[in-house]
> 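Handing you a structure now.
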Protein chains: 2
Amino acid sequence: MVEAKKYIYDFSEGSADMRTLLGGKGANLAQMWKIGLPVPPGFIITTEACHKYWEEKDFISSIWSDVEAAVARVEELAGKKFGSSQNPLLVSVRSGAPVSMPGMMDTILNLGLNDDTVAALAKSAGDERFAYDSYRRFIQMFSDVVLEVDLDKFEERLAQARENAGVKEDYKIPAEELKKLVVDYKKIVEEAGHTFPSDPWVQLRLAIDAVFRSWNTPRAITYRKINNIPAEYGTAVNIVTMVFGNLGDDCGTGVCFTRSPSNGENKLFGEYLINAQGEDVVAGIRTPVPIASLEAAMPEVYKEFHRIAKLLETHYRDAQDIEFTVERGKLYILQTRNGKRTASAAVRIAMDMLHEGLIDAETAVSRVAPEQVEQLLHPQIDPKAKRNVIVKGLPASPGAAVGRVVFDADEAAERGGKGEAVILVRPETTPDDIHGLFAAQGVLTSHGGMTSHAAVVARGLGKPCVSGAESVKIDLAGGTFTVGGVTVKKDDFLTLDGTNGDVILGKMELIEPQFDENFRELLEDADKISNLQVWANADTPEDARRARSFGAKGIGLCRTEHMFMAAERLPVMQEMVVSTTTEERVAQLKKLEVMQEEDFLGIFEAMEGLPVTVRLLDPPLHEFLPKIPELTKALEGLAPESAEAKKINATIARARELHEQNPMLGFRGCRLGMIFPEIYEMQARAIFNAACKLTKKGVRVIPDIMIPLVGTQEEMKRMRKLVDEIGAAVIKENGVALEYMVGTMIELPRAAMVADQLAEYAQFFSFGTNDLTQTTFGYSRDDAEGKFLGQYVEMGVFEENPFARLDRDGVGALMEIAVGKGRSVRPEIQLGICGEHGGNPSSIAFCNKLGLNYVSCSPFRVPVARLSAALAALGVLK
Amino acid sequence: MVEAKKYIYDFSEGSADMRTLLGGKGANLAQMWKIGLPVPPGFIITTEACHKYWEEKDFISSIWSDVEAAVARVEELAGKKFGSSQNPLLVSVRSGAPVSMPGMMDTILNLGLNDDTVAALAKSAGDERFAYDSYRRFIQMFSDVVLEVDLDKFEERLAQARENAGVKEDYKIPAEELKKLVVDYKKIVEEAGHTFPSDPWVQLRLAIDAVFRSWNTPRAITYRKINNIPAEYGTAVNIVTMVFGNLGDDCGTGVCFTRSPSNGENKLFGEYLINAQGEDVVAGIRTPVPIASLEAAMPEVYKEFHRIAKLLETHYRDAQDIEFTVERGKLYILQTRNGKRTASAAVRIAMDMLHEGLIDAETAVSRVAPEQVEQLLHPQIDPKAKRNVIVKGLPASPGAAVGRVVFDADEAAERGGKGEAVILVRPETTPDDIHGLFAAQGVLTSHGGMTSHAAVVARGLGKPCVSGAESVKIDLAGGTFTVGGVTVKKDDFLTLDGTNGDVILGKMELIEPQFDENFRELLEDADKISNLQVWANADTPEDARRARSFGAKGIGLCRTEHMFMAAERLPVMQEMVVSTTTEERVAQLKKLEVMQEEDFLGIFEAMEGLPVTVRLLDPPLHEFLPKIPELTKALEGLAPESAEAKKINATIARARELHEQNPMLGFRGCRLGMIFPEIYEMQARAIFNAACKLTKKGVRVIPDIMIPLVGTQEEMKRMRKLVDEIGAAVIKENGVALEYMVGTMIELPRAAMVADQLAEYAQFFSFGTNDLTQTTFGYSRDDAEGKFLGQYVEMGVFEENPFARLDRDGVGALMEIAVGKGRSVRPEIQLGICGEHGGNPSSIAFCNKLGLNYVSCSPFRVPVARLSAALAALGVLK
């Protein structure tokens, strides 16, 4: 006989290492129970039950007797009875996935209340107001989450109750008024076509069902998609004895971080509300007070909490985010988890804990998420600029943001999605606004604290956020907000400083950030762990210097075409393109050569002692010519026989000749070098002359010359020969010793398939995964993103745009073939990647797996890449 | 001690199976020697010596003593002495590669003559005229081939000699005149900066050198490229005792095929010239007489020749091409080889020999080259049309050609290369004209017989040729030719009938050819041998019927987009494309559905009982809209508010919206089906409705529905579901039993890499190698061919354009991956190819190797493909 699977665990049966099965919340509750902390009794229905729920129609029935048995054990521990009209047990029912998904999953509190038990609760608590307040909260929450009744009706009726009672805060509504409210709430439920279940067991069953159901709501799916959380995880259900923070002024509830989630400072950082339930804090409806003031209000409780906070931090070896409730002076810990934090907090906490000896370097490095790191490099407002601060809110997520005011999340999503800079302004945000937060530059809310929804989400996304700017009066319908006599309209420019809470009218100049010492140290630790080096893509001496300052160990891609686009050079380039004979072309190339040499002198000098990979001309020549309509226009009014008209006509003719149906697949890359070798010869000469001049001055130059768009062995063979011949001549002329390599981009599927043939002549490969993605998928990036790729991501064809995250099955599989074939012929071949994927953490993890030597990315992504490389080496990033 | 390599073989040391080492000519000479035929004594320097010659600077010196020894052995057999002023041995020096390259390699006759030996020759032959004629020929030939002196000067001087002598034919020039000619010829050589070598050994050495050198002349390289002959083969050198066909009227020389090279008829087919050397026949300067007349002229010789011809044919089991010379009544065989022949001759000879029991079916099938077969399907002049025949020449290569008259090979190459139909008209052609022959529709020559250069090359290329139309007077400088009072100018239209020799003024209508019984039988034999089926690409019932008549076993690609291009449909299609809502789109699609159903009814009926693979809509939607400039033009003069103007403006707006940078990589294929599923739903409905209607009528329909441009599993999954849902509904509605499959094209590198994922939903794969070649190489076919691909082929980057011959290393390697992955998931998966490569012999051989189920090609290529498939199965085609 097969033993029945265990789907239910009491707290006493679990521990922190069971988070896959019990969810993060449940595993931590069990762990805290184990180490003797004051956790209310409860049990957990596992994530495996969630899978079963989605597979089997009537799964809950099959485990119902186990649920009843578990409730009975909790009754015993709590000394209360579920559904009892004497001493009723009330429970919370909360979701808890293996990975924290704040605000995404539904929670029900005070479950077990009905017209009987509420009276008993009133009696046992000695507080009728408290009991009916709990009851009306429960009906409201249950109706919303389980029965899906529109909340507005409840809020309307609640506002009316406040009015009837002549009070402003909910907690001041008297019991009599609350009793009427309960009656009317039930009517609202009935009008919506439901009957509110009075049987607590029915309530429990429906609540469990709702938690499981909530795993696949659109907002949960969106959150998972944004955060790359697999749908297979599932959620557990935590059923915990209720404790009450709203029994009077010796009660309260709060959340607290053991270190600052904003900057990482090592002191308690939290907020609480007197006489409230937890939802009041999180929802941001009332603005809570700092945790420090708890010391004065309840000194014993504060001392105990402080002890527990430090204990948990030491226990978990990480900064904790703790939920607690004080019921009539007794402290309960309701939840602990590793606290979400900003990038700079993450860095500081990691390095502090490393220095405190709490964790080792590998752990410290793995405490910072690569996605977060970029925000450390987010621009800040120029400190010298004058600020027109119209209000100061809470500094809820650091960094500065500039954009046009938008009041609607959908509009923010739409305009932001198109690349417009917008600032989302809301009274508060809810999980339904997440797409707007995602697309906005920053968020301003008039309500809510540092732990409000907007603040938590913004920090997670690395977006600046100012929250709780209470004096801001928002007129959503009118599309304006007013503060201190200033009215700001939709589309006005606004600047937010999420680091100090400033809200500034107008568009401020932003400046580049600087590394702090902690971060520098962390990245140095990361470098020691990594297998991959991080190089940068840089086309100018300035970019090269920035890349180097961010820790780049070389230039993986120096594009030469941008050099020809400068105002004084373009006309010469155009003359070259229009040339019809080799002689004319060579004459123009001579002029360009002088300029190219200057460029290389600058870059090589900036990268002294480090390799610089120079890619020879890549784009089709017509890109350098003006567009034909422009040229036709320029002809107007010119005498047809004038020299100028003739010149323009020649340019038009050449532009027509060079026109292509599909320039992406056209006459570009080394195809230019094959047909017009004089162009590549000029570039090679400029590179070698620059390198030799610097070598003479004692500057060490390591040039790697990269041939673009190679698809056949013959191309590689000829281009290698071309470069080597120029190299030999120039080096001999200069009488210096100079080592260099000639290699190729692997950016065509064919190049990957014949990589063994290419490696006979190529001394290095650099994966050009932008183009390789285009050709492997047959997607023109310019066309696809607007036309169907966005929809493909929405439809779930891709988890993420393959131009952002490397497609392992297709592009990656080709890379793997190329690596194997390349090494089979030239075991020591240098391998790197210079597509944009070189700065993407998942893609870097893949490159680590392939055993590449380096990834190369834009200078600003270098720190992200350095950290990602370490995490990949540690196996944290896969 | 390593034994010295043997580079020289006497005829007695070789045999027919040594053609790689001895060349075809040498191996056959040795073989004939072996079986006792009258071959003049000689020896062969091997093809390995040719390699050595190109590797080692002074290779000839190293084998010189062996050459001397071989000459000594020949002297003994011939009873003559090389360089002797008494009884001089004269030899021919001829090239001979393992594969015949007619007219490509250089030959020198009469080597050994000088001022001394010529006198001895005159004496021993008793004919001074003959001796000096041989001498002057030798000087001329040697100077041309070895010393590279311009021939024109010699021809001028020769014409003057004829004039001096008052004769019209060279062989009538008297000895005294020839003596002067010899003196002047030597002067011409001196004026050109050379000294004519009088030492026969020096002559021999320079001649050997020239033969080896000739292996890498531009014209030899061009010929090899066209005929896919590897450069590694090399040529052997045949040194053979001279026999003379020009000693008088009991002498002669000729070439003879054992069966007709034109139509395969089993009788001797040849030509000879009395009192001439072989070059006179081949060069086409004098028009020879038919072999049959030899019977009357020299009955004994004819009888002996006939015996030898049949002997050789039985010996080699193939029709032979024999060169012979009669010296004073004695027959010598100078060469035998398998005769080149037209396609229809090849077919007839093969089937006749099969029926005669000389060969088996496998051999018969492998006697026809796939490249030749297409010419059997070449159009013919409508037999009912009235012909304006201006002259009749020799029917040198069958089929009909129409084009504009061009007199220059370069011009023919240039204009023909651009796709213009031209007819090359020349007095005669030389190997230097080959590029013109290649690009022309057909060739007309005023001189030369059925075995002249023009005739041989044209037959090889499958081009119609009329040769030896002697009454045609060509004025090359004036750009006209005149015949029977008619003057034809350059660029006038001319029609050639190469099957009967008619030259027709003007542009005749051509009609499709019919299979003959031999060919039908051959292809049926081929089908029995093949592993691959041959299907066809056909979009209309007419195409489908033609494909079936050519033996196609299914439709591998039925494109649906052409159906929308018809005049009455395009406006509806355009309305559909311009639609901005799904409803509008669906309304237009309803109209299109009716039309689509009609199309499928026709095709399915034509292919009754055979599979029809229908590809759903593939091209980007903007292809169906007029171009924007056209639309803008159409706006002119319209009131801006008029309904028409509004409609045009809407179309312009939509066209702009749909515009793409790289349409090849854009919003097309199943991407359309994913975003606008209603389009594919309509097509699926039309297919299923048509299939069900015919099924009800008892017609067996086998529809395979093909999804284009799939790159991800999700696309395949959704499109399969879409088709299956429509299929289930329509089949149920109609209450019939209908089996069908849903599959995909593999035309993106990613599709190949994830073929296992696709095969979970795809029931068949069809390799779309046109697009797969584009994406694998990153070549836009439209752009690449004109811009660089042509030059790439010339530069040797590719042996052949990869759009014509499948690139095995890149595209083929991806196919191999896809085949393996596809079968790993679905072992019975149906695999085919529907790119243009499906009709290309080398590509078919590759498909055979991959184990595909079928190749699909254009209806006219079906016979080529059937034969290729058999040859691939036999291992003849690799």
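Below, chains carry the letters A, B, ... as their sequence lines are ordered, and counting in each starts from 1. Since the structure is predicted, the reported quantities are computational estimates derived from the model, not experimental observations.
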> Can you give me the closest heavy-atom contact between B/M795 and A/I675, atom names plus distance?
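For B/M795 versus A/I675, the nearest heavy atoms are SD-CD1, 4.4 Å.
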> For chain B, find which of A/G810, A/A784, A/G796 contributes the most heavy-atom pairs closer than 4.5 angstrom.
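Option with the greatest count: A/G810.
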> Which answer fits B/Q757, side chain, backbone, both or neither, if we ask what part of it has an atom under 4.5 Å from a heavy atom of chain A?
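Looking at B/Q757, just its side chain touches chain A.
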> Quick check on the interface: out of B/S780, B/G711, B/A751, who has the most heavy-atom pairs with chain A under 4.5 Å?
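The answer is B/S780.
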> Does any backbone or side-chain atom of A/T712 lie under 4.5 Å from a heavy atom of chain B? Answer side chain, backbone, both or neither.
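The answer is the side chain of A/T712.
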> Using non-hydrogen atoms and a 4.5 Å limit, figure out which bit of B/D771 sits close to chain A: side chain, backbone, both or neither.
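For B/D771, no heavy atom lies under 4.5 Å from chain A.
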> Of the non-hydrogen atoms in B/H659 and A/K787, which two are nearest, and what is the gap between them?
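Answer, listing the atom of B/H659 first, then A/K787: O-NZ, 3.0 Å.
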> Identify which of B/R671, B/E660, B/M753 forms the greatest number of heavy-atom pairs closer than 4.5 Å to chain A.
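When all of B/R671, B/E660, B/M753 are compared, B/R671 has the most.
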> At their closest point, which heavy atom of B/Q661 faces which heavy atom of A/P663, and how far apart are they?
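Heavy atoms only, the tightest pair is O-CD, 3.4 Å.
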> Under a 4.5 Å heavy-atom cut-off, does chain A meet the side chain of B/L814, its backbone, both or neither?
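Interface part for B/L814: both.
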> By a 4.5 Å heavy-atom criterion (distance strictly below it), what part of B/R718 contacts chain A: side chain, backbone, both, or neither?
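Just its side chain gets close to chain A.
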> Name the option with the most non-hydrogen atom pairs under 4.5 Å to chain A; the candidates are B/L789, B/L672, B/L658.
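Counting heavy-atom pairs under 4.5 Å, the top option is B/L658.
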> Counting only heavy atoms not in A/E760 (residues, nucleotides, ligands), do more than 12 fall under 6.0 Å from its CD?
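Result for CD/A/E760: enclosed.
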> Can you see which heavy atom on B/N662 is nearest to which on A/L665, and at what distance?
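So the two residues come closest at OD1-N, 4.5 Å.
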> Could you report the tightest heavy-atom contact between A/P749 and B/T775, atom names first, then the distance?
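Nearest pair, atom of A/P749 first, then B/T775: CD-O, 3.4 Å.
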> Side chains of A/Y792 and B/E714: any donor to acceptor distance under 3.5 Å?
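No.
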> Kindly compute the distance separating OH (B/Y779) from CG (A/L709), expressed to the nearest 0.5 Å.
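Result: 8.5 Å between the selected atoms.
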